[in-house]
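Position 1 is the first residue of the sequence, and the numbers go up from there. None of the values given here were measured: they were computed from a predicted structure.
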Amino acid sequence: MMVTVNHMVKAGFDLNLAMIEGTPIEAWCGERFTPSVTVGTSGRADVPGAPHCDRCQEVVDNWRKFIRLKDEKNRLIREMRAVEKLQGTLQKQWRKERERSGNLAPQLA
């Protein structure tokens, strides 16, 4: 008995063209297959009730997690740069204030 699973396909594949021409494509799990109505194509359950390929689902979930972490890293870098810019501005203002008051010795709080 053959178990049918729906594979998830990498973005960029022209699924319609592959279905028409019978060109094999590669799923996220690495399995190569020719898409048809009875084989999973774009992550949709083309066979009603058939489960997603576990390996495809795991790879896609990890990819989504990677993208979220990358976005979070970029957000933190932008925040860090904004803080560094503010710190530089405050240091310049502090130096100007010290020069204006004539107090050039560093002061400890």
Do the side chains of R78 and N74 get nearer than 4.5 Å, heavy atoms only? yes
Under the rule for salt bridge (Lys or Arg N to Asp or Glu O under 4.0 Å), what residues qualify as partners of E79, not counting sequence neighbours? R75
Please report the shortest heavy-atom distance between R55 and C29, naming the atom on each side. CG-CB, 3.4 Å
Separation between NZ of K85 and CG of L90, rounded to the nearest 0.5 Å: 12.5 Å
Test: E97 and R100 ion pair at under 4.0 Å: yes
Mind checking the CD-CD1 spacing from E72 to I77? Nearest 0.5 Å is all I need. 10.5 Å
Between CG on residue L86 and CD on residue Q91, distance to nearest 0.5 Å: 10.0 Å
If you compare all heavy atoms of R98 against all heavy atoms of S101, which two are closest, and at what distance to 0.1 Å? O-OG, 3.1 Å
With rounding to the nearest 0.5 Å, note down the distance linking CH2 in W94 to CD in E99. 10.5 Å
By salt bridge (Lys or Arg N to Asp or Glu O under 4.0 Å), R95 pairs with (sequence neighbours left out) none
So D61 and K65, do their side chains get closer than 4.5 Å, heavy atoms only? no
